[in-house]
Amino acid sequence: MSALLHYNYWIVILLMMIGFYIVITHANLIKKLLGLSIFQTSVFILYISMGKISGGTAPILYPGEHVYSNPLPHVLILTAIVVGIATTALGLALVVRLREAYGSIVEDVIQQQEQEDQR
Amino acid sequence: MEMLVDVFLLGLLVATAVAISSTKDLFASIMLTGLYSLISAAFFVLMDAVDVAFTEAAVGAGISTLLMLSCMKLTGQYEPKPHRHRRLLGLVVVSVTGVLLLFGTLDTPNFGDDHSPIQDHLAPHYLTKSMEEIGIPNVVTSVLASYRGFDTFGETVVILTAGIGVLALLGFSPKRQSDDLDSLVAPMHHQKILRVVSKLLIPPILLFALYVQFHGDFGPGGGFQAGVIFAAAIILYAMIFGVHVARQVFRDGAIRLLAALGVLIYGSVGLLSFLSGKNFLDYSVLSDTPQHGQHWGIMLVEMGVGITVAAVMLIIFFTFSARVDKRERDGDENQRQ
Amino acid sequence: MFIAATLALLMTMILAMGRAFLGPSLYDRILAINMFGTKTVLLIAVLGFLMGRPEFLDIALVYALINFISVIGLLRYFEYNQAQLQAKLQRVQQARDEANP
Amino acid sequence: MSGLTGLIDLLSWLALVAGSFCALSGGVGLLRFPDFFSRMHAAGVMDTLGAGLILFGLMLQSDHWLVLVKLLLILKLIWLTSPTSSHALAKAAIRGGARPLLGDDMPGRGKR
């Protein structure tokens, strides 16, 4: 059981690194955004795991003595999710515009064209 | 038992993430991202974060998948595999960072510990005092809309800004030919069964969105979730009966106005308490007893959030779909080869 | 008994996920996602009972709705492709007609 | 009175076990069947039945009318949306050119 005391955090790091890997190795911009969203979710999981108290219950009060998990991370992450989708949409809009300007959404191709244009 | 499910779900998450990273087909990886967010929402339920699960369910699995798909529709489905040296380099960087971070976890408090630093500040106050200070059972809502109302105000403005950003990037339509828009066939109009079932479903979804909006004080829910669910119902309608039909009801000008109106409501509630001699967003002056004032304040503020979120989601979806429609009509003329 | 149901649902989720990874066609993947979504709805409902707070069924309800919407969204992509294909065929036909009337 | 609650408990356990079995067998079918349409058959039928049984089992355990109503709503939703999306999916697959494996095309034993 003691091996599991940090299990959630290990998984968080694993997920974060997978997201990071996608962002730095894949050249396709949509794929990069997918990687970012995996990264983002790993942070959500980190916060939520930290707020959990074992044997606790959801922080919606009801009569009787109960242990409630920490509501503060929930608030932070709840708003972060909606802001996350809004910013992802902005990123996607940028990708669409890049496609219209360069005819490609592959990072290398865009950079190459940019260099050619400057010459 | 909870621990077992926890291990299980997190394992599934990692498997999905690896699969997303390794497929070359963007359609498949976007679908898997939807699955990923389904699993993470189930995980949030397990971690007692019901409000978060609610939001993730409404946002991650639904709207974000749809947006990614429309973007992919505009840009192409397949990606080349990254070069070998790039993958190798990436792997090295990632493993070094990962090991360093793992080293960091050695000092973190144990999972589920009730005396870790995060549990000692603020949270006990919120949990014990919320009922007498605010008077609603859902502590998440009371923290969101009252204790940290200023924070949430900022988030709402960020959402509005993102909506404006998307409009600025993609919103302009060079030549609007209204008769041309009508001639465009709704892509799923011929699916009779879908049409009937969604007609049956949409009114309950809208009702449910209202329930979520106003029941947020007592159970999971609130403005953010309700806004997204409301928008999802309209998006369902738009997908099946055609975007131009939905846009005739939710006119561009109107939803832009609504998006701003939500933030305005939120801000003016704050200003009202400001002008009555209290702090910004201190709702206790809104009614004769402080607790009653809090109720009013939270309701109004959540309404503002709901309106803004729903309107911005609709703006974003309509903007993207208008692009896709335009592309279907005109072909890919902007492509530079 | 809720535990048995939870375990069965988790196993089913793994099976469905296997199909989602394997493919081979995109339709198979969508089918798997659809099934996975239904199983998640059930899992959340059962978890609510398992943890003794069944009032959280709202989440399961949202899930059932959103799952439907996202499957429709995925399908719409094919419809677009179909429409595009037909338009292309028509254009080719037209060009052929103009070439040899 | 205790006899009645015992009976209800027994019924609900039975429903849960049967539902779990349906869910599992649907999952196995989804993974093991040879082509898309037979997989859809497994997933579609067992999904709907399994969901119904599990939700029925939960309904018998519910202690508040609101819980019961929500479970009924979920059941109604699943029974409405699941067949609809299966139908739409099958239609899309047919239009996209997928054809069911019939008679002679079936792979022999041991192949799959």
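Basis for what follows: all heavy atoms, side chains included, without hydrogens, waters or symmetry-related copies. Residue numbers begin at 1 in each chain, while the letters A, B, ... track the order of the sequences.
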B:Val45, part contacting chain A, at a heavy-atom distance under 4.5 Å: neither
Pairs of heavy atoms under 4.5 Å with chain A: top-ranked of B:Val52, B:Thr75, B:Leu101: B:Thr75
Part of B:Thr23 lying under 4.5 Å from any heavy atom of chain A: both
Options B:Phe54, B:Phe317, B:Phe320, B:Tyr147, ranked by heavy-atom pairs under 4.5 Å with chain A, top entry: B:Phe320
A:Gln40, part contacting chain B, at a heavy-atom distance under 4.5 Å: neither
Segment of B:Val158 engaging chain A (4.5 angstrom heavy-atom cut-off): side chain
Proximal component of A:Leu98, with respect to chain B [non-hydrogen, under 4.5 Å]: neither
Part of B:Leu91 lying under 4.5 Å from any heavy atom of chain A: both
Side-chain heavy-atom pair B:Arg148, A:Leu76 within 4.5 angstrom cut-off: yes
Contact class of A:Ile38 relative to chain B, heavy atoms under 4.5 angstrom: both
Pairwise distance CG(B:Leu169) to CG(A:Leu92) - rounded to 0.5 angstrom: 11.0 Å
NZ on A:Lys52 to CG on B:Asp48, rounded to 0.5 Å: 3.5 Å
Contact origin within A:Leu90 toward chain B - heavy atom pairs under 4.5 Å: both
Residue among B:Pro109, B:Ala58, B:Gly60, B:Ser116 with most heavy-atom pairs under 4.5 Å to chain A: B:Pro109
Between A:Ala27, A:Gly56, A:Gly91, A:Pro71, the one whose heavy-atom pairs under 4.5 Å with chain B are most numerous: A:Pro71
From B:Met68 atom CE to A:Ile30 atom CD1, the distance as rounded to the nearest 0.5 Å: 8.0 Å
Contacting region of A:Ile24 [heavy-atom separation from chain B under 4.5 Å]: both
Chain A contact via B:Val309 - side chain, backbone, both or neither, heavy atoms under 4.5 Å: side chain
B:Leu144 side, atom CG; A:His74 side, atom NE2 - distance, nearest 0.5 Å: 13.0 Å
B:Val139 vs A:Tyr68, side-chain contact (heavy atoms from CB on, under 4.5 Å): CA-CA, chis, key distance, verdict: CA-CA 10 Å; B:Val139 186; A:Tyr68 297 105; over 6 Å; no
pair A:Ile85-B:Leu67: side-chain heavy atoms closer than 4.5 Å: yes
Gap between atom CG of B:Leu26 and atom CG of A:Leu34 - 0.5 Å precision: 7.0 Å
Best-contacting candidate, B:Gly165, B:Ser21, B:Ser64, against chain A by heavy atom pairs under 4.5 angstrom: B:Ser21
Close side-chain approach of A:Ile60 to B:Pro220, heavy-atom, < 4.5 Å: yes
Within-4.5 Å side-chain heavy-atom neighbours: B:Phe43 and A:Ser49: yes
Region of B:Ile118 in contact with chain A, defined by heavy-atom distances below 4.5 Å: both
B:Ser29 side chain reached by A:Lys31 side chain, heavy atoms, under 4.5 Å: yes
Residue selection (most heavy-atom pairs with chain A, distance under 4.5 Å) from B:Pro124, B:Gly90, B:Gly11, B:Pro137: B:Pro137
Minimum heavy-atom distance A:Ile13-B:Leu102, with the two atoms named: CD1-N, 3.7 Å
Qualifying residue, where the test is side-chain contact (heavy atoms from CB on, under 4.5 Å) with A:Leu78 and the options are B:Asp51, B:Thr141, B:Val143, B:Thr152: B:Asp51
Minimum side-chain heavy-atom gap B:Phe44-A:Ile45 below 4.5 Å: yes
Partner of A:Asn8 by side-chain contact (heavy atoms from CB on, under 4.5 Å), out of B:Leu10, B:Thr105, B:Thr108: B:Leu10
Pairwise distance CG(A:Asn70) to CE(B:Met47) - rounded to 0.5 angstrom: 13.5 Å
Residues B:Arg86 and A:Asp108 bridged, charged N to O under 4.0 Å: yes
Minimum-distance pair of heavy atoms, taken over all atoms of B:Val140 and A:Pro59: CG2-CG, 3.8 Å
Chi angles and distances behind the side-chain contact (heavy atoms from CB on, under 4.5 Å) call for B:Asp6, A:Tyr7: CA-CA 9 Å; B:Asp6 173 88; A:Tyr7 174 78; 3.8 Å; yes
For chain A, the option from B:Ile30, B:Leu127, B:Val50 that forms the most heavy-atom pairs under 4.5 Å: B:Leu127
Exam field: side chain B:Gln119 to backbone A:Ser69, donor-acceptor pair closer than 3.5 Å: no
Contact check, side chains of A:Phe44 and B:Ser40, non-hydrogen atoms, under 4.5 Å: no
Heavy-atom contact with chain A under 4.5 Å, split by part of B:Leu122: side chain
Note, A:Leu61 side chain near B:Met131 side chain (heavy atom, < 4.5 Å): yes
